[in-house]
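To keep things clear, I will list the structure first and then write my remarks on it.
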Amino acid sequence: MKHELTAEVLIAGAGAAGLTLAIDLARRNVAFRLIDKLPSPFAGSRGKGIQPRSQEVFEDLGVIDRLVAVGGTYPPQREYRENGSYQDSPLMEQHEARPDEPYLIQLMVPQFLTEAVLRERLAELGHRPHFGCELTAFEQDADGVTAHVMSTDGEETVRVGYLVGMDGGRSYVRHALDIEFPGQTLGVRAVVADVRLEGLGTDAWHRFSEGSMERLTSFCPLRGTDMFQLQAPIPMEGEIDFSPEALTAWVAARTGRRDIVIREVLWASAYDMNARLADKYQVGRVFIGGDAAHIHPPTGGQGLNTSVQDAYNLSWKLAAAIQGASEKLLATYEEERRPIAAEMLGLSTKLLQAAKQRGDMRRGRETHQLDLGYPDSSLSLNQPARSPELVMAGDRAPDAPVRGAAGQPTRLFKLFQGPHWTLIGYQVEREAIAPRRDLHIHTIGVRGDIIDEGGYVRDAYGVSAGDWVLVRPDGYVGAIVSSSELATLSQYLDGVGIAA
């Protein structure tokens, strides 16, 4: 028996990952519901680092300028010595933006501000999250998912095509699916709190007793606010008094500084650091992502970014399946994203060990997430084979400055922006590819609509005459084929639901 759908997708969890998924579904005109069991939006700063790759995602979603406006860059870290002197040093390696990589500096935006910007963007698209709505049960069959949602108005039954659990590390959806969540507790318990204080300036990330897990205490000024984020490891057992008076005394005992006075505590948490990865990301018509699928220590600022990119990977595949693409496309979500999470889990754990053993907090390119990709994905096609030093299918698609045939400057990222696929032909016959729904075709060369006057596209992609580059909606290269392999390209497009 078939049931009428309430929506195509139900998203449980309205944090950064759930909001990203909702925004991308909204701009694809996919009907969805976004719910969260919390009575109101999350109020803490927890995930505050936005890596360069996530900045590219947020540019595509239309919010990068707003995020920069409400946030800022990381200050230098200031390490205090026992004698009261200190030394400043950059937290991360500094690089200039390049034509192919426009964002190379980690952005700091407290999580509650990031999510506020995402909710604003979602509202522009005509949608909003429903807080105080808890998913209490669900059943699935071959045609969809029946979900039971409890709110102050009572219980509601929602019938959807797909359910996505972006509902955090204690995910109800993951538990209900009986998905194993193996990993380890890392033997570190920490406190994090958003505080207003006196005695420290906002020009540095203040770090005391570096290298001592018993006394290490840091205060990071939160860009876009008048608050600091207090971070410190704490004993594995025992309660923490989060009152301003108690924290002021606690900080004085650990740092020897009695001039640091905490006036207000706006949000605080004590938590055990874990590194865990779900065995599966999909069971039938139900998916998990974000912290529901992987949890990392906070070192390196990888958690929120990996979660956002989970959603960015899944959204276009859900939309394609709803519009008639093969269900096999949905299986590539786990195929592509689970190895990424495993790699990030290893990186975060390695950085935590470096911080514990050597007090080393410096960050390099490995945290930027620009070099992550899907070269082994079943969606990655190189035909014929390419030299490995060139951009390959599965790699992040580089940016490049170009000029339109009418003379106006633009960038590849502007051509990619939106829910469509993009096909770029380099010195090709434009008429060789017929128009298809959701495919934007651009050519470089005679009668081409874009001009690569600086050779940036040629150099960034390593293309030669007759090559076609297909860029996925999530900004990764799907295929690179020669003009002699257009039949193969046509089969690829059919397989991902891009109809002729």
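A donor and an acceptor atom, one from each side chain of Q51 and Y103, are nowhere located under 3.5 Å apart. There is no side-chain donor-acceptor pair under 3.5 Å between D291 and H296. For the residue pair T146 and Q140, no side-chain donor N or O sits within less than 3.5 Å of a side-chain acceptor on the partner. A donor-acceptor pair shorter than 3.5 Å cannot be found between the side chains of R159 and T6.
With respect to R28 and D438, no salt bridge is recorded, no charged nitrogen being found less than 4.0 Å from a carboxylate O. Contact check on E139 versus R285 returns no salt bridge, with no Lys/Arg side-chain nitrogen under 4.0 Å from an Asp/Glu carboxylate oxygen.
Between F413 and F416, the ring planes are tilted. Angles from 30° to 60° get that label.
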- request: I would like to know whether D24 and W316 meet side chain to side chain donor-acceptor pair (under 3.5 Å); could you show each step before the answer?
  value: CA-CA 7 Å; D24 206 24; W316 68 267; over 6 Å; no
- prompt: Could you walk me through whether V192 and Y271 pass the side chain to side chain contact (heavy atoms under 4.5 Å, CB included) check?
  reply: CA-CA 8 Å; V192 58; Y271 67 98; 3.9 Å; yes
task: Would you check, one step at a time, whether the test ring-ring contact (aromatic ring centres under 6.0 Å, His included) holds for F181 with H175?
output: CA-CA 9 Å; F181 202 37; H175 283 292; 8.1 Å; no
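Counting only distance, with no hydrogens or angles, the side chain of S307 and the backbone of G303 share a donor-acceptor pair below 3.5 Å.
For the pair R170 and Y172, the cation does not sit on the ring face, since its NZ or CZ is not both under 6.0 Å from the ring centre and inside 45° of the axis.
Open room surrounds CG on D178; 12 or fewer heavy atoms of other groups in view lie less than 6.0 Å from it.
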